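Only a predicted model underlies this, so the values are computations on that prediction, with no experimental measurement involved.
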Amino acid sequence: MSTDLRAVLQSALLPAMRAGDKDTVAVVRSALAAIANAEAVPAPSTPPAEDGPVAGAAIGVGSTEAPRRELTADEVREVVEHERQDRVQAAEESEAGGLGEYAARLRTQAAILGFLIERTG
């Protein structure tokens, strides 16, 4: 069974917020933001206005908008897996630095991401 990982993340957010589960809320928001960042593309270059109310501002309808990439399911999974691995590595570094409580929180967040990744088959 294959489910959209982004949909799984989004569906996990509201219940976690209602339950006051700070770790789940934080890690899901972070993963969704990482996905959104991966979809971003550089804005097209438009010549700035040389005069007007704000010199140097882009002008015209849609001049500041850029299309977003559409990530494949595998690319979304890679982004979220990278987020999970970052937390595992940060937990190891925090543990070595004597920050056991923080390391435990990072491990919890990594486990949450791992669980959500596994739910998508």
Side-chain angles (χ1 to χ4, degrees):
M1 177 179 116
S2 180
T3 307
D4 180 29
L5 182 53
R6 181 195 321 254
V8 169
L9 290 166
Q10 290 170 335
S11 69
L13 187 57
L14 188 58
M17 290 172 70
R18 287 183 177 150
D21 184 349
K22 293 179 182 181
D23 284 328
T24 300
V25 170
V27 76
V28 168
R29 282 183 173 165
S30 177
L32 288 170
I35 293 167
N37 287 341
E39 292 174 330
V41 295
S45 177
T46 55
E50 294 180 13
D51 58 357
V54 180
I59 57 172
V61 175
S63 64
T64 59
E65 296 183 22
R68 308 219 20 112
R69 286 183 49 211
E70 286 192 34
L71 299 179
T72 65
D74 288 338
E75 289 172 326
V76 170
R77 189 179 185 96
E78 286 175 22
V79 168
V80 177
E81 177 60 27
H82 182 75
E83 288 289 304
R84 188 192 70 76
Q85 290 174 359
D86 282 351
R87 281 171 174 72
V88 169
Q89 182 179 0
E92 291 169 0
E93 292 169 2
S94 297
E95 190 74 47
L99 302 171
E101 188 174 317
Y102 182 63
R105 185 170 181 205
L106 290 170
R107 284 193 184 90
T108 298
Q109 291 179 358
I112 291 166
L113 287 179
F115 172 76
L116 294 173
I117 291 169
E118 289 300 316
R119 282 186 52 192
T120 62

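Between the CD atom of Glu83 and the CG atom of Leu116 there is a distance of 13.0 Å, given to the nearest 0.5 Å. Glu92 contributes atom CD, which lies 14.5 Å from atom CZ of Arg87 (distance to the nearest 0.5 angstrom). Between the CZ atom of Arg119 and the CG atom of Leu5 there is a distance of 10.0 Å, given to the nearest 0.5 Å. The line from CZ of Phe115 to CZ of Arg84 is 14.5 Å long, rounded to the nearest 0.5 Å. Summarising the geometry, atom CG belonging to Leu9 is positioned 11.0 Å from atom CD1 belonging to Ile112; distances are rounded to the nearest 0.5 Å. The CG atom of Leu113 sits 12.0 Å away from atom CD of Glu118, with the distance rounded to the nearest 0.5 Å.
Nearest heavy-atom pair, Leu71 versus Arg69, reported as atom, atom and distance to 0.1 Å: CD2-NH2, 3.3 Å. Of all heavy-atom pairs spanning Leu106 and Ala91, the tightest one is CD1-N, 3.6 Å. Considering every non-hydrogen atom in both Ala103 and Glu95, the closest pair reads CB-OE1, 3.5 Å. Nearest heavy atoms, Asn37 versus Arg68: N-NH2, 4.3 Å.
Looking at Gln85 and Gln89, their side chains never bring a donor and an acceptor atom within 3.5 Å of each other.
Paired with Gln109 under the rule side-chain contact (heavy atoms from CB on, under 4.5 Å), one option of Asp86, Val88, Val28, Val27 passes, and it is Val27.
Linking Ile, Leu, Val, Met, Phe, Trp and Tyr residues whenever their side-chain heavy atoms come within less than 4.5 Å places Met17 and Val8 in a single cluster.
When atom types are taken as modelled, the side chain of Arg29 and the backbone of Leu13 share no donor-acceptor pair closer than 3.5 angstrom. Looking at Ser94, its side chain does come within 3.5 Å of a backbone N or O of Ala90 through a donor-acceptor pair. Between the side chain of Arg105 and the backbone N or O of Asp23 there is no donor-acceptor pair closer than 3.5 Å.
Val79 is not listed as a side-chain neighbour of Glu75, based on a closest heavy-atom distance of 4.5 Å or more.
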